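Encoded as C-alpha cells, the structure appears first; notes follow it.
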Amino acid sequence: MSDISRRDLLKGAAAAGAALAASGAFSSAIAENVAAIAHTDLAPLAPARRQTMRGVPFERHETVRVGMVGTGLRGRSVLGEFLSLQNVQVVAISDVVADKMAKATKMITDAGHPAPATYGNGDHAFEELVRRDDIDFVYTATPWEWHVPVMLAALNAGKHCGSECPIGTTLKDLWALVDASEKARRHCLHLENCCYGETEMMVNRMVHDGIFGDVLHVEAAYLHDLRGILFENRDEGLWRRAWHTRANANLYPTHGLGPVAWYLDVNYGDRFDYIASVAGPERGLDVYREETVKDHADPKWQEKYITGDHNTSIIRTVKGRTIMLQHDVSNPRPYTRHNRVQGTKGAFEDYPPRIYIEGQKGIEGQKGGERWGPIDSWKTTHTHPLWTKLGELAKKSGGEGGMDTIMAYRLVQCLHEGLVPDYDVYDAASWSSPFPLTEMSVAKGSAPMKFPDFTRGEWSKPRA
C-alpha cells in the first residue's frame, strides 16, 4: 500500500488532469453532493442508539500488539519508534510492495522480535490483517486515498486504529469514520505528530496557564518545499503529486492546525464555525517540471496541475477566535508551521521560537521592552513532563526532531494503562475537514463554508 504502479498512477493522474481541464468538473470532495456545498454544517442522521467516543478509555494491554498497513518510508519510520518501546509487538504488516515489507520484517527481527505475518496479495490484503484476533491497534501509513478504506476495515473488525494525515479527504468519508468509530466502540485516531513537538507542547501549557491572557488569534501552516519529493520516480512521487491535479485546496492542513486546535480547546469548549479560503495561481510545479524534466515524452508532461501554490484560509470559531491557515509545498522557502499565538497579554511566534509578554523588561543592549525575546527561560517552568522525561532520547534517535518518539510513547502508554487518548475521532475529522472545505470555498469564490459539528453537539463540554 505504500506504493502503486508508477505507470498506472501517472496514467491516472494525466487522465484526471485532462478531464478537469476539459469539463471543469470538481473533484469528489465537491461532487459528493450539492448539499455539502450549501449546508456543510448539517450532520447526517445520527445512527440509532448512538454513543459518543468522547472520554472513552482504551482497554488495558500488558503488551500492545500492532498491525501495520503501509511499510514505505513513513511506515518504517514509525515502525522504528514502536520497536524502541517496551512491551510492544508488531505482529503483522501489509503492503503491495514486497521489497518494502521485507525491509520492515528485517527491522522487526533485527530488534529481537519474531517475524511478523505478512499480507501482500493485492490492494485489499489489509482486510485479512485487520481480521486477526491478536491485534490491538492498526496503524496505516498508506497513500492518502487508502486511509479511509483501511480504517473502516479495522473498525468493522473491532480494532482501534490510527492514520497518518490527512485522515480523509471528503466530508462523506469523515462522517463515515465518525459513525464507524462510534458503532464499533473503538478509537479512530489521527496520529498528528506535530501535536507532540517540544515547542507545541510547551506553548500549549503556557496558553492554558494564562501566560498570553485570552487567546484571540492563532496561525497554522504547512509551508514546505516538497518539489523534489513530489517529482521523484519512487515513494511519494508515485502518488502524492497526483493530488495536485485533482483539487484546488489546502491539501495538508493538519500539521499546523492540530496543535493550535489544542491551544483553543476545539471540540472541548469551542469549535470551528466556518472557513473562507483563497487560492493563488498554480506556478511552482510547472516551473519545477520545466527545469528538471527534460524529456518531454515523460508522462509528467501530460499532467495539469490545478492546486493553487499558496492557499490562505481564515477560520472563525464559535467563540469568535480566528485562525489563519496556510499551505504551500510548491515553491522554494524555509520550512514553517507558523505556530503563532496572539492573546490579550502577549504573543508567541515560531520559526524561530520567540515571545513577547506585555511589561517585559528590555533585552540587554536594546531600548524598551516591545521586542521579541527568547523562549528559553520558559522551558524551565513549562516544558511538558513527557519531554522532560524522554526529550534527550527523543532528539537523539527519534524522527521529526523527537516528536515521533513522544507520539508513539504516549499512544502506547494510553494503551498500556487504559487511558483516554489525547485526541479522538472528532478531532481527526475536524482537523482534516479543511481539505474538502477549502476546495469548496475556493470553487465558490472564497465563500465561507460551515464546518460540520462532528461531535453532534458535545463540543461545548470541557475535557474531563
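Computed over heavy atoms, backbone and side chain alike; hydrogens, waters and symmetry mates excluded. Keep in mind the model is a prediction, meaning the values are calculated, not measured.
- Taking CE from M201 and SG from C194, the interatomic distance works out to 12.5 Å, rounded to the nearest 0.5 Å.
- Residues V91 and V66 are not in side-chain contact: their nearest non-hydrogen atoms beyond the backbone lie 4.5 Å or more apart.
- In this structure, R54 has no salt bridge (Lys or Arg N to Asp or Glu O under 4.0 Å) partners at least two apart in sequence or on a different chain.
- Note: H147 NE2 to C188 SG = 11.5 Å, rounded to the nearest 0.5 Å.
- For residues 186-208, the set of pairs meeting the salt bridge (Lys or Arg N to Asp or Glu O under 4.0 Å) definition, not counting sequence neighbours, comprises E59-R186, E198-K395, E200-R337.
- For the pair D328 and R333, the salt-bridge criterion is not met [side-chain N within less than 4.0 Å of a carboxylate O].
- Once rounded to the nearest 0.5 Å, the distance linking CG of L437 with OG of S432 reads 11.0 Å.
- Pairing each heavy atom of A104 with each of R76, the nearest pair is N-CD, 4.0 Å.
- A heavy-atom distance below 4.5 Å is found between the side chains of P452 and L171.
- For the residue pair T71/D95, the side-chain donor-acceptor check at 3.5 Å is satisfied.
- For P253 against L325, the heavy-atom pair with the smallest separation is O-CD1, 3.8 Å.
- For S330, the side chain to side chain donor-acceptor pair (under 3.5 Å) criterion is met by no residue, not counting sequence neighbours.
- Aromatic ring centres of W146 and H124: separated by under 6.0 Å.
- Comment: D273 does not engage R321 in a salt bridge, judged by the lack of any side-chain N to carboxylate O separation of less than 4.0 angstrom.
- In summary, the side chains of H416 and Q413 do not present any donor paired with an acceptor at a separation below 3.5 Å, with no hydrogens or angles considered.
- In plain terms, the two heavy atoms of T105 and A115 that are nearest each other are CG2-CB, 4.3 Å.
- Aromatic rings of F348 and W372 (six-membered ring for Trp) have centroids beyond the 6.0 Å cut-off, not under it.
- Checked against the 6.0 Å centroid threshold, W431 and Y423 count as a close aromatic pair.
- Between S163 and L191, the closest side-chain pair of non-hydrogen atoms is not below 4.5 Å.
- Checked against the 6.0 Å centroid criterion, the rings of H224 and Y335 qualify as a close aromatic pair.
- Note that R227 lies outside the cation-pi zone of Y288, set by a 6.0 Å cut-off to the ring centre and a 45° limit from the axis.
- Note: I275 CD1 to I323 CD1 = 8.5 Å, rounded to the nearest 0.5 Å.
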Point to revise | Verdict with supporting geometry, T52 and Y426, side-chain hydrogen bond (donor to acceptor under 3.5 Å, both in side chains) | key: CA-CA 10 Å; T52 184; Y426 313 111; 3.3 Å; yes
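- Side-chain atoms of R410 do not come within 3.5 Å of backbone N or O of I406 as any donor-acceptor pair.
- Considering only heavy atoms from C-beta on, V442 stays 4.5 Å or farther from V278 through its side chain.
- The side-chain hydrogen bond (donor to acceptor under 3.5 Å, both in side chains) contacts involving residues 113-122 comprise Y119-R132, where partners must be two or more places apart or lie in separate chains.
- For the residue pair H190/D427, the side-chain donor-acceptor check at 3.5 Å is not satisfied.
- Looking only at atom types and distance, the side chain of T322 has a donor-acceptor partner in the side chain of H217 under 3.5 Å away.
- Side chain of K159 to main chain of A157: a donor-acceptor pair is present (N/O by atom type, distance under 3.5 Å, no hydrogens or angles).
- In this structure, a donor-acceptor pair under 3.5 Å is absent between the side chains of S313 and N250.
- Ring centroids of Y222 and H255 are separated by less than 6.0 Å, placing the two rings close together.
- In plain terms, the two heavy atoms of P434 and S430 that are nearest each other are CD-O, 3.3 Å.
- Using cut-offs of 30° and 60° on the angle between ring planes, the pair F435 and W144 is perpendicular.
- D309 contributes a side-chain N or O that, together with a main-chain N or O of G284, makes up a donor-acceptor pair within less than 3.5 Å.
- Using a 4.0 Å cut-off between charged side-chain N and carboxylate O, D99 and K103 make a salt bridge.
- Salt bridge absent: E358 and K345 never bring a charged side-chain N and a carboxylate O closer than 4.0 Å.
- Taking 4.5 Å as the limit, every side-chain heavy atom of L251 sits out of range of all side-chain heavy atoms of R240.
- Judged by distance alone, the side chains of E145 and W239 never bring a donor and an acceptor atom under 3.5 Å apart.
- Ring centroids of Y268 and W459 are separated by 6.0 Å or more, keeping the two rings apart.
- Taking the ring centroids of F58 and H61, they lie at or beyond the 6.0 Å cut-off.
- Between the CG atom of L411 and the CE atom of M407 there is a distance of 7.5 Å, given to the nearest 0.5 Å.
- Taking the salt bridge (Lys or Arg N to Asp or Glu O under 4.0 Å) definition, one finds that R50 meets it with E182, E458, sequence neighbours left out.
- Contact annotation: the side chain of V64 never approaches that of N87 to less than 4.5 Å [non-hydrogen atoms, C-beta and beyond].
- A cation-pi geometry, defined here as NZ or CZ lying under 6.0 Å from the six-membered ring centre and within 45° of its normal, does not hold between R316 and F272.
- Nearest approach of S441 to S277, heavy atoms of both residues: OG-N, 2.9 Å.
- The backbone N or O of T455 sits nowhere less than 3.5 Å from a side-chain atom of N267 that would complete a donor-acceptor pair.
- Remark: R65 pairs with D136 by the salt bridge (Lys or Arg N to Asp or Glu O under 4.0 Å) rule, at least two apart or across chains.
- Atom CD of residue Q89 and atom CG of residue L83 lie 10.5 Å apart, to the nearest 0.5 angstrom.
- Remark: D404 engages R74 in a salt bridge, criterion side-chain N to carboxylate O under 4.0 Å.
- For H384 and N204, the side-chain atoms include no donor-acceptor pair closer than 3.5 Å.
- Nearest heavy-atom pair, I167 versus M151, reported as atom, atom and distance to 0.1 Å: CG1-CE, 3.0 Å.
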**Study point:** D235 and K100: CA distance, side-chain angles, deciding distance, salt bridge (Lys or Arg N to Asp or Glu O under 4.0 Å) verdict
**Key:** CA-CA 10 Å; D235 300 317; K100 295 185 183 299; 3.0 Å; yes
